[in-house]
Amino acid sequence: MLKKGVTLRGIEVFEALAQAGSVAQAAVATGLSQPAVSQQMRNLEQAVGADLIDHSRRPMRLTPAGELFLRHAGLALSELRQAQSEVTVMDLAHLEDLNLGIIDDFDNDLTPRLATILADSLTGCRFRMITDGSLALARAIEARELHIAIGARPDTPPEGVTEYPLARDPLIIVAPAGQDRTPEDLLAGSGALPLLHYAAEQLIAQQIDQHLAQAGLSLPTRFEIGSHLALMAMVARGIGWAITTPLGYMRAARFHDALQPMPLPLPDAARQITLFAGADWSDPVPRDIAGTMRRLMQTHMIAPATAQQPWLADGFHLIEDQTP
């Protein structure tokens, strides 16, 4: 049994404070007031009998006891959130067919989890799931080849669909670890490292080019790489630097020791991950799947990314459901 004073809300506040490093940012992340965040932390530290946060540092740092507690508490929260995702999807047994497309950014982790959750609920349903790029998914749902598609939102979204925004995924710079150029240096073309670009036909490449053009920047393109992992491998080898997103960076976990993520100093440079569903679908299934995707993204993408790179917290976050 948990000690008196150790609550799930208190652990969630502690996790948010550990990631953000400030009471103000933890308050935003949890939806609590700053005094409430501070009170939750006092209650938790009193209950466990140890200081978990070094409040004298700015940004705040975990104490050794706090680091130990966070490792165990983080695993527990992850399991609870996964369990919530699995039980929250509504009963889908009434469906006869479900054709779903999902962006290939999620192949490593989220797609297998979502497929398992849905398969457990789709009793007697013919279920088809494909992965592809965002533009191909947008064309497929517009052509009614898919019932639901999850991908980056194009500037001109598909016609005849309902949108369920999921997350803001900002553009960031990823450079070889140990290089000494600032983001401004790289954007100015200073130094020997060239920009490694996504293939021009990919939506992310078009969105990157649009933001660079709006800032009056034109960088030569010597390399166009259609494979995200190949692009990250080239950066890790020191061949050049790239513009990607936190989802792209987290997908390349095998190369993290050789990568240096940095903010992209351009205003509003981000893409939106969205679930699209046929507008004539009045069933609650799209909303339920969108809710499950938000929880999966928070647990397996956003929380780990912001814990590793706290500066991402302001830009990399969920978009709450506002669909009527």
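Start at 1 with the first residue, then count along the sequence.
- Although no hydrogens or angles enter the test, the distance criterion places a donor-acceptor pair under 3.5 Å between the side chain of His228 and the main chain of Gly248.
- Cluster membership check: Leu68 does not share its hydrophobic cluster with Leu44, using side-chain heavy-atom separations under 4.5 Å among Ile, Leu, Val, Met, Phe, Trp and Tyr.
- Leu70 CG to Glu15 CD: the interatomic distance, rounded to the nearest 0.5 Å, is 6.5 Å.
- Proximity of a side-chain donor or acceptor of Thr306 to a complementary backbone N or O of Ala303 within less than 3.5 Å is detected.
- Between the side chain of Gln272 and the backbone N or O of Arg168, no donor-acceptor pair lies under 3.5 Å.
- Annotation: side chain of Pro183 is not in contact with side chain of Leu264 (no heavy-atom distance under 4.5 Å).
- The side-chain heavy atoms of Leu137 and Ile141, taken from C-beta on, include no pair separated by under 4.5 Å.
- Taking every heavy atom of both residues into account, Arg294 and Pro165 meet most closely at NH2-O, 2.9 Å.
- Between Ser134 and Ile103, the closest heavy-atom pair is OG-CD1, 3.2 Å.
- Val174 is not listed as a side-chain neighbour of Ile243, based on a closest heavy-atom distance of 4.5 Å or more.
- Considering CD1 of Ile150 and OG1 of Thr131, their distance stands at 12.0 Å, rounded to 0.5 Å.
- Looking at Leu186 and Leu219, their side chains never come closer than 4.5 Å, going by heavy atoms from C-beta outward.
- Counting heavy atoms from C-beta on, the side chains of His256 and Met250 come closer than 4.5 Å.
- Applying the 6.0 Å contact sphere to CD of Glu159 captures no more than 12 heavy atoms from other residues, nucleotides or ligands.
- Other cluster members for Leu135: Leu203, joined by side-chain heavy-atom distances under 4.5 Å among Ile, Leu, Val, Met, Phe, Trp and Tyr.
- Side-chain contact between Leu247 and Phe106 is present, with heavy atoms from C-beta onward closer than 4.5 Å.
- How far CD of Glu145 is from CZ of Arg139: 10.0 Å, rounded to the nearest 0.5 Å.
- Under the 3.5 Å distance criterion, with hydrogens and angles disregarded, a donor-acceptor pair is assigned to the side chains of Asp169 and Thr245.
- Without hydrogens or angle criteria, Gln179 side chain to Trp241 main chain gives no donor-acceptor distance under 3.5 Å.
- Of the inter-residue distances, the one linking Tyr249 atom OH with Ile173 atom CD1 reads 14.0 Å to the nearest 0.5 angstrom.
- Although no hydrogens or angles enter the test, the distance criterion places no donor-acceptor pair under 3.5 Å between the side chain of Glu224 and the main chain of Tyr198.
- The side-chain heavy atoms of Leu17 and Leu52, taken from C-beta on, include no pair separated by under 4.5 Å.
- In this structure, a donor-acceptor pair under 3.5 Å is absent between the side chains of His211 and Asp268.
- Around the CZ atom of Arg144, the shell of radius 6.0 Å holds more than 12 heavy atoms that belong to other residues, nucleotides or ligands.
- A donor-acceptor pair under 3.5 Å is absent between the side-chain atoms of Gln40 and the main chain of Phe14, judged by distance alone.
- Note that CG of Asp97 and CZ of Arg128 are 11.0 Å apart. Values are rounded to the nearest 0.5 Å.
- A distance of 6.5 Å separates CG of Leu114 from CG of Leu100, quoted to the nearest 0.5 Å.
- Counting only N and O atoms by type, the side chains of Arg42 and Gln39 include a donor and acceptor under 3.5 Å apart.
- In the displayed structure, Gln46 atom CD is contacted under 6.0 Å by at most 12 heavy atoms of other residues, nucleotides or ligands.
- Between Asp54 and Arg61, no side-chain nitrogen of the basic residue sits less than 4.0 Å from a carboxylate oxygen of the acidic one, so the salt-bridge criterion is not met.
- With contacts defined as side-chain heavy-atom distances shorter than 4.5 Å, the pair Leu110/Asp105 does not qualify.
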